[in-house]
Amino acid sequence: MSRGEDGLTVTSYAILGLLAIQPWTTYELAQQMRRGLRRFWPRAESRIYEEPKRLVVEGLARSTTEFTGRRSSTTYAITPKGRRRLARWLAEPGAGPQLEFELLLKVWLSEHGTTADVMTNIAAIRMWAEERNAENITFAREYLHTGGPFPERLAQIILVGKFLTDFADMVASWSKWAEEVVGRWPEDPRGAKPHLPTLESIAARE
């Protein structure tokens, strides 16, 4: 995980951004990541028990530990220095997306398997897209009816929510097209004919 010149990673800032919303325990941070960040920054969850402590060392967050009997609970909150650092990071353009898609890798290497394998992976891609959009619809209805847990952030949530919904729509649309194309392949993918009209339509774009 690469760190910037200031020693922080994108995950550091993701957690700092959550702390800017309100103080959280690491358990609550993990819940928030599963609810939202995992769909576009899944790495954050694996660092949840280490990164807040680092932010405290950097002076960007502070921690408070409370005891209930023998059980302790540590809550993290952003500091003024942390807010300044977060604001500086937000003002700089970030990097573009890097697609990490095991199912698509299997489609790309499909000549080493069978056409049935390709169809199985394409069907799994379609199912992934349908599941993501079912989740998006559930969230959208929740926000419409209740305003969600952070109604003051609804403008930002809608921006990202539409991107995630449109992306899932695109993946679903591609899977339907791919099923039609691969449905005409022979049993051995090595004998498949390339769908040249698709290549021509991509090449004709300006």
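Hydrogens, waters and symmetry mates are skipped; everything else that's a heavy atom, side chains included, is used.
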For Leu104 and Leu99: C-alpha separation, side-chain torsions, deciding distance, then whether side-chain contact (heavy atoms from CB on, under 4.5 Å) applies.
CA-CA 10 Å; Leu104 198 60; Leu99 188 61; 4.1 Å; yes

Between atom [atom1] of [X] and atom [atom2] of [Y], what is the distance when rounded to the nearest 0.5 Å?
| X | Y | atom1 | atom2 | value |
| --- | --- | --- | --- | --- |
| Leu55 | Arg62 | CG | CZ | 13.0 Å |
| Ile125 | Asn121 | CD1 | CG | 6.5 Å |
| Met33 | Trp41 | CE | CH2 | 12.0 Å |
| His112 | Leu109 | NE2 | CG | 5.5 Å |
| Leu159 | Leu164 | CG | CG | 11.0 Å |
| Leu18 | Tyr13 | CG | OH | 15.0 Å |

For Arg85 and Lys81, run side-chain contact (heavy atoms from CB on, under 4.5 Å): C-alpha distance rounded to whole Å, both residues' side-chain angles, the deciding distance at 0.1 Å, then the answer.
CA-CA 6 Å; Arg85 184 78 68 86; Lys81 179 181 177 182; 4.0 Å; yes

Any salt bridge between [X] and [Y], counting N to O under 4.0 Å?
| X | Y | answer |
| --- | --- | --- |
| Glu179 | Lys176 | no |
| Arg88 | Glu92 | no |
| Glu111 | Lys106 | no |

Between [X] and [Y], which heavy-atom pair has the shortest distance, and what is it?
| X | Y | answer |
| --- | --- | --- |
| Ser63 | Thr74 | CB-CG2, 3.7 Å |
| Phe40 | Gly36 | CE2-O, 3.6 Å |
| Phe67 | Arg70 | CD2-O, 4.2 Å |
| Leu103 | Ala124 | CD2-CB, 3.8 Å |
| Pro149 | Arg35 | CD-NH2, 3.5 Å |

Answer whether the closest heavy-atom distance between the side chains of Gln31 and Tyr27 falls below 4.5 Å.
yes

Are Arg39 and Glu135 close enough that some pair of their side-chain heavy atoms sits under 4.5 Å apart?
yes

Ring geometry between Trp177 and His195 (parallel below 30°, tilted from 30 to 60°, perpendicular above 60°):
perpendicular

Of Leu105, Ile122, Val118, Thr115, which meets side chain to side chain contact (heavy atoms under 4.5 Å, CB included) against Ser110?
Val118

Passing option when Ser73 is tested against Thr68, Thr26, Thr25 for side chain to side chain contact (heavy atoms under 4.5 Å, CB included):
Thr25

Would you say [Y] ends up clustered with [X] if hydrophobic residues are merged whenever their side chains have heavy atoms under 4.5 Å apart, either directly or through other cluster members?
| X | Y | answer |
| --- | --- | --- |
| Leu90 | Leu8 | yes |
| Val182 | Phe101 | yes |
| Phe150 | Ile78 | yes |
| Tyr143 | Leu37 | no |

Residues [X] and [Y]: side-chain donor-acceptor under 3.5 angstrom:
| X | Y | value |
| --- | --- | --- |
| Trp24 | Thr75 | no |
| Glu51 | Ser12 | yes |
| Thr65 | Ser72 | no |

Using modelled atom types only, decide if a donor and an acceptor are shared between the side chain of [X] and the backbone of [Y] within a distance under 3.5 Å.
| X | Y | result |
| --- | --- | --- |
| Gln32 | Leu29 | no |
| Asn133 | Ala129 | no |
| Ser173 | Asp169 | no |
| Ser201 | Thr198 | yes |
| Thr114 | Asp117 | yes |

Working for side-chain contact (heavy atoms from CB on, under 4.5 Å), residues Trp128 and Val171:
CA-CA 9 Å; Trp128 176 90; Val171 173; 4.1 Å; yes

Check step by step if side-chain contact (heavy atoms from CB on, under 4.5 Å) holds for Val10 and Trp89.
CA-CA 9 Å; Val10 174; Trp89 177 75; 4.3 Å; yes

Glu187 CD: over 12 foreign heavy atoms closer than 6.0 Å:
no

More than 12 heavy atoms of other groups within 6.0 Å of Gln156 CD:
yes

Give the other cluster members for Met127, using side-chain heavy-atom distances under 4.5 Å between Ile, Leu, Val, Met, Phe, Trp and Tyr residues; answer none if it is isolated.
none

Salt bridge (charged side-chain N to carboxylate O under 4.0 Å, His left out) for Glu50 and Arg54? Distances and angles first, verdict last.
CA-CA 7 Å; Glu50 301 172 30; Arg54 264 184 39 78; over 6 Å; no

